[in-house]
Amino acid sequence: MPETDLRPAPPVTQDADATAYDPTTVEAGWYAFWEGHDFFRADTERGQAQRDAGTSPFVIPMPPPNVTGRLHMGHALQDAVQDALIRMNRMRGVESLWIPGMDHAGIATQNVVERKLRAEGIERKQIGREAFLEHVWAYVEEFGGIILDQKRRLGASCDWSRERFTLDDDYNHVVQDIFVKLYEQGLIYRGHYLVNWDPENMTAISDEEVDNVERDGQMWWIQYPYADRDGHITIATTRPETMLGDTAIAVHPEDERYTDLVGQRVRLPLTDRTIPIVADEHANPEFGAGALKVTPAHDKNDFEIGKRHDLEVLTIMNPDATINEHGGPYEGLDRFEARKQIVADLDAAGLLDKVEPYKTSVPISSRSKAVIEPLISRQWFVKMQPLADLGLQALRDGDIRFYPERWQNEYVRWLDNIRDWTISRQLWWGHRIPVWYYVDADGEIDESRDFVVSVEQPEPGMVQDEDVLDTWFSSWLWPFATLGWPEETDDLKAFYPSTVLVSGYDILFFWIARMVMAGLHFTGNVPFRDIYITGMIKDAQGRWMSKSLGNGIDPLDMIEQYGADAVRFSLNVLCTPGQDIKLEPSKFEMGRNFANKIWNAFNVFGRFMEPGKDYKRTRSFDELDLVERWLLTRLNQTVKTVDEAVGRYRLNEAALAIYDLFWRDYCDWYLELAKPEFGEQMDDETIALAIEVYEQMTKLLHPFMPFITEELWHRLRPREAGDACIAAAWPEANDAETDPDAAEAFALMQELISGIRGVKSQYGVAPSKPVEALVNLAGTAPLTETLDAHGRYFERLANVDRLTVGTDLAKPKASATVVIGSHEVFVPLAGMIDLDAERDRLLKAIEEKEGFRASVQKKLSNEQFTSRAPAEVVERERQKAADASAEIDKLRANLDDLG
RNA sequence: GGGCCCUUAGCUCAGUGGUUUAGAGCGCUCGCCUCACACGCGAGAGGUCACUGGUUCAAAUCCAGUAGGGCCCACCA
């Protein structure tokens with residue numbers, strides 16, 4: 001063999017009894033073969049040439065998985081879809097690029113390493129930033145990237161030569177560059193604001209990283225005594241501990257109960273402070289006591305009220321959510337401890353009016369699951385409105401398109417209500433914020449001097465901002481940063497914008513919408529034209545798969561058990577765009593069984609092939625046998641169906657169409673007729689046709705089941721070293737080899753044969769027992785000839801040893817009858833016919849037909865229908881009624897005949 | 001509070017440019033180790049397409065509403 005032939009050795013032939021397909025050996029070798037031949041690598045020059053010629057290369061940016069992640073079913077689903085699209089387009093001759101890579105995943109990765117170090121007795125803070133980051137890098141070196149190998153197991157044909165990591169040096173540079181640009185454009189600003197503070201990770205997070213969870217809580221009604229006279233005002237709160245930071249009471253300006261109290265002061269219980277009562281529209285007279293405690297430093301609405309009334313903003317918590325020095329006796333207590341204590345103290349002081357159960361929605365950090373504490377803090381933000389406008393405009397202009405379309409509503413809704421993005425994170429693992437500060441004599445940041453925004457250190461001695469950027473601040477650049485932007489690289493010119501993004505709806509806001517905005521803002525172009533939203537994988541009960549529930553299904557277990565091809569095929573069949581998938585392992589049996597079918601079907605002709613011989617058909621289409629012309633017709637129809645379905649991103653429809661073609665048409669009908677009898681040989685012409693169609697189906701199936709198809713590709717014919725299924729030309733529908741008449745004739749024979757089989761089954765005649773059959777056609781001579789010439793079909797498929805075809809055949813005594821349209825089949829069953837059973841059978845058939853005819857006639861008797869519906873439709877209905885009548889007549893005549 | 005999705009055979013789901021007798025996989029029934037495949041072959045049973053009303057010649061499909069399930073966003077403390 002030539003040196004460049006990297007084909008794996010064929011799997012050891014299994015022994016005669018073990019006929020089930022074993023994917024393990026077949027799937028082991030081909031990935032190296034593909035990679036070795038560089039089939040995954042997109043060629044920039046070819047891509048550019050295609051773009052110049054007006055055809056865009058086909059490009060998918062792979063959603064980069066977390067560097068420390070493991071493959072889960074969601075990845076497997078999306079990869080199965082993406083790889084199918086990539087392979088299909090590559091076979092079509094479109095330069096195709098699937099860009100792989102990984103995300104540094106700031107908080108997630110830092111947490112993993114922090115936990116690991118803690119288990120070893122090492123605290124992050126003790127060893128310091130630099131040492132900690134060394135640990136993280138070491139961890140990433142050792143355990144990172146496993147997920148990419150797992151994708152290889154699935155057969156993902158991504159271009160590894162273009163692999164990127166969001167924390168690579170050059171990527172890091174791009175991120176920092178972007179920060180500087182946005183700052184200079186006035187789209188990044190720094191400020192003290194109330195942010196979502198995660199006390200567990202001790203960092204700010206964005207609004208999108210907060211989940212609101214409904215919980216059973218309590219509402220406490222608390223008395224605040226007036227400062228200057230007797231009595232009190234009662235407020236209701238779900239968070240009594242925050243009262244330590246109250247700086248006002250608010251009542252509605254038109255709330256008559258309180259109008260004369262506005263401007264007076266109350267004594268804040270448990271502290272020695274007095275605070276004013278202010279009038280603010282935000283207080284709802286209908287809710288609670290109508291009076292509202294105002295804690296500007298720990299509540300978003302209160303913060304706004306505070307601004308309106310120029311109230312003091314008093315932060316009472318430390319970053320770890322313990323009470324700070326403003327909490328007096330409660331200093332040092334955790335916020336929930338403090339709550340208990342404060343409630344107890346209020347109760348003791350007689351200031352607690354009542355406590356009632358109350359459902360509240362609690363903000364939870366999606367990262368740590370800790371309860372978010374709104375906290376004033378100095379952070380960096382991106383001003384989003386100008387970017388959102390771009391994103392909305394792109395959709396309006398039709399520059400991006402969602403599949404399924406309804407997801408654009410979510411996209412629009414989010415962008416319409418866009419809020420500024422908190423991008424700074426108090427972490428160490430991530431892209432350092434490119435901002436520099438002057439230091440004073442004590443080495444502290446000199447707040448009196450302006451900071452400098454710059455990638456490089458502007459002056460010796462300046463210190464860089466300690467914080468890093470939100471992970472998504474790097475991910476949103478993925479589609480163009482991976483292609484070399486901001487350099488005008490050849491890759492960028494050839495492969496940007498990409499074609500389609502395949503992702504789940506869970507990251508529509510986090511990632512997809514932001515990529516659109518970044519693409520538009522920085523490159524002036526959308527990052528991708530199509531957005532294919534997949535559903536999410538759920539367990540059999542419809543619950544999210546999670547570690548804590550232990551209900552996850554590991555794709556690698558499934559690959560081991562069923563094979564990668566089976567997993568990929570099944571996932572593609574199950575995947576209706578935008579719809580969640582309830583998954584259980586048994587779902588993969590469909591794919592496994594199919595792979596087994598494919599494998600075994602090859603043997604039907606494979607065992608007759610001479611090694612090394614290239615079988616080529618010499619017969620023209622017209623010279624082919626009827627079933628062969630039918631098969632080619634079905635093949636060509638299926639190619640059209642597949643192309644059409646894939647054009648709408650309906651890979652499930654495409655996969656099922658090929659499945660049907662292969663199993664129902666090719667195996668169940670064609671092969672059953674093509675395979676030789678007993679010890680006979682298969683002639684070369686038959687082998688050639690069997691191979692030809694099988695080869696075409698191999699190509700159609702390759703995007704879904706790359707391994708088994710590649711294996712069989714090399715068994716079908718002698719192949720040159722570089723000849724591979726992955727690089728084969730995608731089938732094109734051949735109208736010259738499509739014969740609707742043959743298809744129709746064969747379809748009729750299928751019905752007749754099924755009818756005869758049905759009679760035999762009904763009367764308990766063994767399928768292997770030969771029977772006689774008379775086909776009484778409704779008077780068309782050419783059809784008679786056709787059927788007559790193909791008695792062999794009836795013999796092979798229904799064991800009809802004597803077939804009579806005619807137009808005026810008399811029904812033999814003691815025959816069972818099947819009526820197909822206006823045609824009849826008589827099956828003489830002397831001695832076996834059960835008159836009562838036959839009568840029942842015919843009666844049932846009559847009943848069904850009459851029901852059908854009645855519904856058609858009802859339509860026809862409606863004058864509105866006949867006058868208003870298109871003539872063509874009415875005619876079709878008339879024909880249906882006439883056909884049904886003819887069939888019923890035939891059935892009745894046969895019934896009468898029974899006596 | 002606003003919005004979206006789902007409800008089709010025992011189970012899991014396709015199908016909604018309106019018009020053949022609504023499909024698949026699994027399960028079920030009957031018969032088959034028919035020399036490619038029991039991960040298989042043949043033949044069957046099984047559905048008033050959640051409910052109500054409307055539009056239409058014609059509705060599983062379009063519109064309105066109702067019920068049940070799920071999700072997203074907002075959040076009057």
Side-chain angles (χ1 to χ4, degrees), chain A residues 16 19-21 212 219 235-239 242 250 282-289 291-295 299-302 358 360-361 363 404 406-407 409-410 413-414 417 505-506 508-509 535-536 538 540 542 562 566 570 573-574 576 578-584 586-587 589-607 650 652-653 656 659-660 667-668 671-672 675 677-679 754 757-762 764-768 797-799 848-849 851-853 855-856 859 862-870 872-874 876-877 879-880 883-884:
Chain A
T19 42
Y21 169 61
N212 291 300
M219 179 81 86
I235 57 90
T237 180
T238 55
R239 302 194 55 201
T242 60
H282 183 257
N284 179 0
E286 310 290 314
F287 189 89
L292 171 73
K293 68 190 268 308
V294 183
T295 323
D299 183 279
K300 202 188 292 176
N301 288 312
D302 291 7
Y358 190 76
T360 49
S361 100
R406 65 185 149 89
W407 286 103
N409 301 335
E410 289 285 291
R413 187 182 49 71
W414 188 68
N417 298 288
Y505 57 75
D506 56 333
L508 178 58
F509 310 142
M536 309 304 295
K538 305 287 184 66
Y562 299 99
S570 297
V573 166
L574 292 172
T576 305
Q579 225 57 44
D580 289 350
I581 297 172
K582 283 196 222 172
L583 192 69
E584 47 194 328
S586 63
K587 298 275 185 186
E589 286 171 12
M590 184 198 199
R592 179 200 60 183
N593 295 353
F594 188 36
N596 185 241
K597 192 73 180 175
I598 294 167
W599 186 253
N600 280 294
F602 171 76
N603 283 135
V604 175
F605 53 87
R607 65 201 157 114
R650 302 307 299 248
N652 55 336
E653 288 178 31
L656 280 176
Y659 178 93
D660 267 348
C667 293
D668 289 352
L671 276 187
E672 287 302 322
K675 67 185 181 187
E677 301 188 59
F678 317 126
S754 283
R757 284 165 167 176
V759 166
K760 290 176 75 171
S761 176
Q762 176 112 22
V765 180
S768 53
L797 299 175
N799 243 302
E848 269 177 26
K849 242 338 134 188
F852 170 63
R853 186 176 59 178
S855 77
V856 175
K859 226 184 267 183
N862 183 344
E863 202 271 324
Q864 298 279 8
F865 172 69
T866 47
S867 60
R868 292 211 204 175
E872 182 186 302
V873 172
V874 176
R876 210 184 306 152
E877 292 299 311
Q879 191 58 48
K880 277 197 277 184
D883 289 349

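To find a chain, count down the sequence lines: A is the first, B the second, and so on, and within it residues start at 1. Both backbone and side-chain heavy atoms feed into the values below; hydrogens, waters and symmetry mates do not.
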[N] versus [M] - spacing of their [atom1] atoms, nearest Å:
N: B:C49; M: B:U7; atom1: C1'; value: 10 Å
N: B:A14; M: B:U61; atom1: C1'; value: 14 Å
N: B:U55; M: B:C62; atom1: C1'; value: 8 Å
N: B:G18; M: B:C63; atom1: P; value: 12 Å
N: B:U16; M: B:C5; atom1: P; value: 15 Å
N: B:C26; M: B:G65; atom1: P; value: 41 Å
N: B:C41; M: B:A36; atom1: C1'; value: 12 Å
N: B:G69; M: B:C51; atom1: C1'; value: 15 Å

For nucleotides 44-47 of chain B, print each protein N/O atom paired with a nucleotide N/O atom at under 3.5 Å, atom names and distance only.
residue : atom : partner  : partner atom : Å
B:A45   : OP1  : A:Lys844 : NZ           : 3.3

Give a yes/no answer on whether the side chain of [X] brings an N or O atom under 4.0 Å of OP1 or OP2 in [N].
X: A:Tyr562; N: B:C39; result: no
X: A:Lys293; N: B:A77; result: no
X: A:Lys760; N: B:G31; result: no

What are the two closest heavy atoms between [X] and [Y], and how far apart are they?
X: A:Lys293; Y: A:Arg239; answer: NZ-O, 4.1 Å
X: A:Cys667; Y: A:Ala601; answer: SG-CB, 3.8 Å
X: A:Phe509; Y: A:Glu410; answer: CE2-O, 3.6 Å
X: A:His282; Y: A:Leu292; answer: ND1-CD2, 3.6 Å
X: A:Thr576; Y: A:Asn652; answer: OG1-ND2, 3.5 Å
X: A:Lys582; Y: A:Ala540; answer: CD-O, 3.5 Å

Do A:Ser361 and B:C75 have a side chain to base donor-acceptor pair shorter than 3.5 Å?
yes
Ignoring hydrogens and angles, are the base of B:A36 and the side chain of A:Glu672 linked by a donor-acceptor pair under 3.5 Å?
yes
Closest listed nucleotide, where the reference is the side chain of [X] and the choices are [options]:
X: A:Lys597; options: B:A77, B:A36, B:G42; result: B:A36
X: A:Arg607; options: B:C41, B:C26, B:C35; result: B:C35
X: A:Arg413; options: B:C72, B:U20, B:A36; result: B:C72
X: A:Ser761; options: B:A77, B:C39, B:G42; result: B:G42

Distance in angstrom units between [X] [atom1] and [N] [atom2], rounded:
X: A:Tyr659; N: B:C26; atom1: OH; atom2: C1'; answer: 10 Å
X: A:Asn593; N: B:C26; atom1: CG; atom2: P; answer: 7 Å
X: A:Asp668; N: B:G40; atom1: CG; atom2: C1'; answer: 10 Å
X: A:Trp599; N: B:G40; atom1: CH2; atom2: P; answer: 17 Å
X: A:Lys538; N: B:G69; atom1: NZ; atom2: C1'; answer: 12 Å
X: A:Glu877; N: B:A58; atom1: CD; atom2: P; answer: 13 Å
X: A:Arg757; N: B:C41; atom1: CZ; atom2: P; answer: 11 Å
X: A:Asn603; N: B:C35; atom1: CG; atom2: P; answer: 14 Å

Base-contact (B) and sugar-phosphate-only (S) positions in nucleotides 9-15 of chain B, heavy-atom cut-off under 4.0 Å, - elsewhere:
---SSSS
Stems in RNA chain B, runs of 3 or more consecutive Watson-Crick or G-U wobble pairs with both distances under 3.5 Å, sorted by first number, are B:1-7 with B:67-73, B:10-13 with B:23-26, B:28-32 with B:40-44, B:50-54 with B:62-66
Where does the angle between the aromatic ring planes of A:Phe594 and A:Tyr659 fall among parallel (under 30°), tilted (30 to 60°) and perpendicular (over 60°)?
tilted
Could you check whether A:Glu589 gets within reach of a base, just the sugar-phosphate, or nothing at all, counting any heavy atom under 4.0 Å?
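If one applies the 4.0 Å heavy-atom cut-off, A:Glu589 turns out to touch nothing in the nucleic acid.
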What does A:Arg592 touch in the nucleic acid at a heavy-atom separation under 4.0 angstrom: a base, only the sugar-phosphate, or nothing?
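Touches a base.
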[X] (side chain) donor-acceptor with [Y] (main chain) under 3.5 angstrom:
X: A:Arg757; Y: A:Asn799; answer: no
X: A:Ser570; Y: A:Ala566; answer: yes
X: A:Asn596; Y: A:Arg592; answer: no
X: A:Asn603; Y: A:Gly606; answer: no
X: A:Lys760; Y: A:Ala798; answer: yes

When A:Ala291 and A:Tyr505 are each assigned the nearest nucleotide of RNA chain B, the 5'-most assignment goes to A:Tyr505
Can you work out whether A:Ala601 or A:Asn417 has the more 5'-proximal nearest nucleotide on RNA chain B?
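Nearest nucleotide further toward 5': that of A:Ala601.
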Determine whether A:Met536 and A:Asp506 satisfy the following criterion, side chain to side chain contact (heavy atoms under 4.5 Å, CB included), listing intermediate values before the conclusion.
CA-CA 8 Å; A:Met536 309 304 295; A:Asp506 56 333; 3.4 Å; yes
Report yes or no: do A:Asp580 and A:Tyr505 form a side-chain donor-acceptor pair below 3.5 Å?
yes
